[in-house]
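Have a look at the structure below, then the notes.
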Amino acid sequence: MPELPEVETVRTGLTNLVEGSTINRVEVIYPKMINVAPEVFKNSLAGRKIIKIDRRGKYLLFRFDNNITLVSHLRMEGKYDVETEGTAPGKHTHIIFHLNDDRELRYNDSRKFGRMYLIHNGEEHTLSGLGTLGPEPTEQDLTFEYLKKIMNKSRGKIKPFLLNQSHLAGLGNIYVDEVLWMSKIHPETTTSLISDDEIKSLRNNIIEEMKNAIKGHGTTVHSYSNAYGEAGQFQDKLKVYGRKGQPCFRCGSKIEKTVVAQRGTHFCPKCQIKVIK
DNA sequence: AGAGATGTTAAGCG
DNA sequence: TCGCTTAACATCTC
C-alpha cells in the first residue's frame, strides 16, 4: 500500500535502473489499466527514451523525449520490477516495457487497481486525480496559512480530511494514523474545531514524518517493495498503526482500533481526545 | 468460506 | 456549486 514515501522510494530506484533507457516495444496484457487504446499506448512509447522520472503526491511521472508523460498510480498493490529479457513474467504482470538493452521494465499488480495515463506534457491538470491534487507535504509547499484556511471551513472528521488528496498530497491510511497520534488529535475530531496550535503541530508532524519515512525507504506492512524487491524499514518506527491492544508509547494505554471513513483506524484513547461539534 | 484490507473516484445527497 | 458520504473496483490473505 504505497503512500508518498513508498512512491518516492520506487521513483529513486527506477531512476537508478531505467532513466536514460529507451523502450523498444511495449506489451499490454491488461488494457483496462491504461487510458488510451493499446495500439496508441504502444505506438506512442516505442522507440522513446525515458529522460526523467518525477513524482507528484503518489503519482509517478515518466517523462519521454517526445513531450509525452506516462502517469502511473500504483494504488494498492502496484509494483515495478526490472528483469532480464526472456525471464518468465509473473502471474500479475500487466504491462511490459521491453528496453533496448536486454532488460524489461514490468508493471505487476495483483489487484489490478493501479492505473496508467498517457498525456502530452502540460496536460497534467486534465486528469481527474492529478489535476486536483493539493500541495506536497513539505515545509515550502504546505504552508500554515493554507492548512488553517482549508481546515477552518471543513465540517467533516479530520481523518478523511487528511486522506483527501485534493487537500494535501501523499498521506494514506498508515501515515494519517501516525501523524494524528503524534499530534494528539483523535481521528474523528471535527476538522474546523482543531486549534491553531494543533494545526501547527499537525503540520510539523506531517512534514517530519514524510521526510523520515523517505529516509527509511518507506513502510512495508503488507506487500510493498521497491524496484529491487526490497522491503522498507520504516514499519519498525510506527507508533500506532498495527499496534492494536499494545501499550501507547506515551501513556501506556492500550491502542484501540476502530473504523473511520471505511478505514481501519488506530489511536490511543487517552492521548487522543475526541472533540466534536 | 466469508470477511477484511486498501486508494481513488464516480455517483448520490443535501 | 460545493462538500461530504458511500460504493465500486479486484483479488488475495486470514
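Only a predicted model underlies this, so the values are computations on that prediction, with no experimental measurement involved.
Judged by ring centres under 5.5 Å apart and planes tilted less than 30 degrees, A:F113 fails to stack against the six-membered base ring of B:dT8.
The side-chain tip of A:R56 does not point at the ring of A:Y59 from less than 6.0 angstrom away and within 45° of straight on. A cation-pi arrangement is absent between A:K79 and A:Y107, since the terminal nitrogen or guanidinium carbon is not both under 6.0 Å from the aromatic centre and inside a 45° cone about the axis. Cation-pi contact between A:R243 and A:F249: present, with separation from the ring centre below 6.0 Å and deviation from the ring axis of at most 45°.
In terms of phosphate contacts, A:S154 brings no side-chain nitrogen or oxygen within less than 4.0 Å of OP1 or OP2 of C:dG3. Look at A:H73 and you'll find a side-chain N or O under 4.0 angstrom from OP1 or OP2 of B:dT8. Residue A:S110 places none of its side-chain N or O atoms closer than 4.0 Å to OP1 or OP2 of C:dA10. Residue A:H92 places at least one side-chain N or O under 4.0 Å from the OP1 or OP2 atom of C:dC12.
Going from atom CG of A:L163 over to atom C1' of B:dT8 covers 11 Å, rounded to whole Å. Across the protein-nucleic acid pair, A:Y117 atom OH and B:dT8 atom P stand 10 Å apart, rounded to whole Å. A:N108 places its CG atom 15 Å from the C1' atom of C:dC12, with the value rounded to the nearest Å. The CG-P distance, from A:L74 to B:dG7, rounds to 12 Å in whole Å. To the nearest angstrom, P of B:dT8 lies 13 Å from CG of A:L162. For A:Q262 and B:dA11, the CD to P distance is 17 Å, given to the nearest whole Å. Atoms NZ (A:K257) and P (B:dA3) sit 16 Å apart, rounded to a whole Å. As rounded to whole Å, 10 Å separates atom P of C:dG3 from atom CZ of A:F161.
Side chain to side chain, A:T93 and A:R106 fail the donor-acceptor criterion of an N or O pair below 3.5 Å. Looking at A:S192 and A:N152, their side chains never bring a donor and an acceptor atom within 3.5 Å of each other.
If you check every strand for non-hydrogen atoms under 4.0 Å, A:R115 touches nothing. Residue-level contact check: A:Q165 touches the backbone only, with heavy atoms under 4.0 Å from sugar-phosphate atoms and none from bases. Counting non-hydrogen atoms under 4.0 angstrom, A:K91 reaches the backbone sugars and phosphates but no base. Within 4.0 Å of A:Y59, counting heavy atoms only, lie sugar-phosphate atoms of the nucleic acid but no base atom.
With DNA chain C read from its 5' end, the first of the two nearest nucleotides for A:N164 and A:R263 is the one closest to A:N164. The residue among A:K112 and A:K157 whose nearest nucleotide of DNA chain C lies closer to the 5′ end is A:K157.
Taking atom P on both nucleotides, C:dA10 is separated from B:dA1 by 23 Å, rounded to a whole Å.
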